[in-house]
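Reading through the structure tokens given below for one structure.
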Amino acid sequence: MVIIMLGAQGTGKGTVAGLISEQTKLPQISTGDIFRLNISEKTELGIEADKYISQGNLVPDEITVPMVANRLQEKDAEDGAILDGFPRTIEQAKSLDEILKKSGKKVNLVINLSTPREEIIDRMLTRRICSNPECKLIYNTKLHPPKVEGICDRCGAPLKQREDDLDPVVINKRLETYETQTAPLVEYYKEKGVLRTETVSMSINRMGKDVAEDIINNVLKK
Ligand code: ADP
Ligand code: ZN
């Protein structure tokens, strides 16, 4: 089963993907996490990708698509995966269809998370992630803070803010990139009949974990 997480920044894609991954045992493949790991390890790929990421632009397909194709070939993705942050353009979606076809797979479900714009910016500014690359649990200082300030509940490592969440200019650029390049994917997957749109918002008291539970119980277990 191949599941795609769609939705703007800060809507909770990583949180939902992580919870579904725990339940289904499908690996969560986050392109943002792979890039950040490469940046912190100063690999060639990381140094190149950072030129784009630090500006809020998409990393070019020549780098991103083969990286995902290779990751999908790893043993743990034999039965599928939860893709978090890929595809982000129609071109990438078409490449993904090709990649999956080669191993007899297809996109089975696209979870499209939608959050009001005014909440999104706040969620990005209050987002914290566990600095332990094995854990990477996501927190929010307002919505779901850790038990001890600045420390991960799960592994005890310090929490940090992502570089690209620190600068309002970069935040706005990323949201703009989402609107122009990624939002058209909603239509693309709607036409394929695999789209499921879910609202995540404080205003209706529905958070990522509620969406994940709903999908696990009402979509995946059926
Ligand atoms: P966010 O959803 O908050 O932007 P991600 O962790 O998904 O965060 O991605 C961080 C950055 O990594 C993006 O702003 C972009 O520069 C780059 N990136 C991630 N996924 C892709 C992708 N599929 N194609 C191109 N660039 C990507
Ligand atoms: Zn942790």
Side-chain angles (χ1 to χ4, degrees), residues 4-18 28-40 45-46 48-72 81-96 99 112-115 120-140 144-148 150-185 200 208:
I4 289 173
M5 299 304 309
L6 205 59
Q9 288 74 11
T11 51
K13 295 189 296 289
T15 301
V16 174
Q28 172 185 2
I29 301 180
S30 158
T31 40
D33 283 348
I34 301 175
F35 286 135
R36 279 185 290 278
L37 188 66
N38 277 278
I39 291 169
S40 70
L45 183 134
E48 188 57 26
D50 195 33
K51 294 180 192 162
Y52 302 90
I53 294 177
S54 60
Q55 304 295 315
N57 291 316
L58 293 180
V59 179
D61 288 355
E62 302 84 75
I63 300 174
T64 310
V65 174
M67 180 179 91
V68 174
N70 288 335
R71 179 65 187 85
L72 283 170
I82 303 160
L83 291 173
D84 166 15
F86 185 93
R88 270 171 128 105
T89 62
I90 297 278
E91 276 309 306
Q92 289 185 2
K94 289 182 178 161
S95 303
L96 177 65
I99 293 165
N112 176 35
L113 301 181
S114 159
T115 299
I120 283 188
I121 304 222
D122 203 43
R123 288 168 67 110
M124 288 165 86
L125 294 170
T126 50
R127 166 158 70 183
R128 299 290 183 275
I129 52 172
C130 174
S131 59
N132 170 5
E134 302 290 313
C135 176
K136 297 179 300 203
L137 206 59
I138 306 161
Y139 294 85
N140 182 293
H144 47 101
K147 292 199 180 74
V148 180
I151 300 293
C152 178
D153 294 345
R154 182 156 74 185
C155 76
L159 304 184
K160 62 173 188 196
Q161 223 176 338
R162 274 170 45 177
E163 289 293 330
D164 56 353
D165 280 347
L166 290 167
D167 183 346
V169 176
V170 176
I171 287 187
N172 276 315
K173 177 74 192 165
R174 283 155 65 208
L175 290 170
E176 187 190 307
T177 305
Y178 177 80
E179 282 308 323
T180 55
Q181 310 220 54
T182 310
L185 287 177
V200 174

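In this chain, residues are counted from 1 in sequence order. Atoms within a ligand are numbered from 1 in the order they appear, just like the ligands themselves.
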- the protein heavy atom lying closest to atom 18 (N) of ligand 1 turns out to be F35 CE1, 3.6 Å
- Task: Using a strict 4.0 Å cut-off to heavy atoms of F86, name the atoms of ligand 1 that fall inside it.
- Result: 23 (N)
- R123/D165 salt bridge by N-O under 4.0 Å criterion: no
- Task: With sequence neighbours excluded, tell me which residues meet side-chain hydrogen bond (donor to acceptor under 3.5 Å, both in side chains) with T126.
- Result: N140
- Pull out every atom of ligand 1 sitting under 4.0 Å from any heavy atom of K13, numbered as shown with elements. 2 (O)
- Task: Check each heavy atom of M67 against ligand 1 and say whether those closer than 4.0 Å belong to the side chain, the backbone, both or neither.
- Result: neither
- For T64, the ligand 1 atoms with a heavy-atom partner under 4.0 Å come out as 22 (C), 23 (N), 24 (N), 25 (C)
- Between F35 and L45, is a side-chain contact (heavy atoms from CB on, under 4.5 Å) present by the stated rule, with each step listed? CA-CA 8 Å; F35 286 135; L45 183 134; 3.9 Å; yes
- Item | Options Q9, R162, R174, ranked by nearest heavy atom to atom 8 (O) of ligand 1, top entry | R162
- Message: To check your reading of the model: name the closest protein heavy atom to atom 16 (O) of ligand 1, its residue, and the distance in Å.
- Response: N57 O, 2.6 Å
- Close-contact set for ligand 1 against R36 heavy atoms, below 4.0 Å: 6 (O), 10 (C)
- Message: I need the atoms of ligand 1 closer than 4.0 Å to a non-hydrogen atom of R127, numbered in the order shown.
- Response: 3 (O)
- For I29, does its backbone N or O pair with a side-chain atom of R71 as donor and acceptor, under 3.5 Å? no
- Note on the structure: Looking at D33, I53, I63, the heavy atom closest to atom 17 (C) of ligand 1 belongs to I53
- Scan D164, I171, V169 and name whichever one has a side-chain contact (heavy atoms from CB on, under 4.5 Å) with D167. V169
- Query: How far does CE of M124 sit from CD1 of I121, to the nearest 0.5 angstrom?
  - Reply: 7.5 Å
- Task: Locate the shortest heavy-atom distance separating Y139 from C152; write the atom from each residue and the value.
- Result: OH-SG, 3.2 Å
- Message: Strictly distance-based, threshold 3.5 Å: is any side-chain N or O of D50 a donor or acceptor partner for the main-chain N or O of G46?
- Response: no
- Task: Enter the distance from K13:NZ to I138:CD1 here, rounded to the nearest 0.5 Å.
- Result: 9.5 Å
- Query: Which residue owns the protein heavy atom closest to atom 26 (N) of ligand 1, what's the atom, and how far is it?
  - Reply: V59 N, 3.0 Å
- For G85, take its heavy atoms, then give the atoms of ligand 1 lying under 4.0 Å from any of them. 20 (N), 21 (C), 22 (C), 23 (N)
- Query: So is there a nitrogen or oxygen of Q92 less than 3.5 Å from a nitrogen or oxygen in ligand 1?
  - Reply: yes
- Can you tell which of K136, Q161, K160 makes a side-chain contact (heavy atoms from CB on, under 4.5 Å) with I129? K160
- Quick look: D165 vs ligand 1, heavy-atom contacts under 4.0 Å, and the answer is neither
- Could you go step by step and tell me if T182 and T177 meet the side-chain contact (heavy atoms from CB on, under 4.5 Å) rule? CA-CA 7 Å; T182 310; T177 305; 5.6 Å; no
- Task: Report the distance from atom CG of D61 to atom CD of E91, rounding to the nearest 0.5 Å.
- Result: 7.0 Å
- Of R88, M5, E163, the one whose closest heavy atom lies nearest atom 7 (O) of ligand 1 is R88
- Could you tell me which non-hydrogen atom of T31 sits nearest to which non-hydrogen atom of G85, and how far apart they are? OG1-O, 3.0 Å
- Excluding waters, how many protein N/O/S atoms sit closer than 2.8 Å to the Zn ion (ligand 2)? 4
- Message: If we set the cut-off at 4.0 Å for heavy atoms, which region of M124 has an atom near ligand 1: side chain, backbone, both, or neither?
- Response: neither
- Interatomic distance, L6 atom CG to L185 atom CG [nearest 0.5 angstrom]: 5.5 Å
- In this structure, atom 20 (N) of ligand 1 is nearest to the protein heavy atom T31 OG1, 2.7 Å
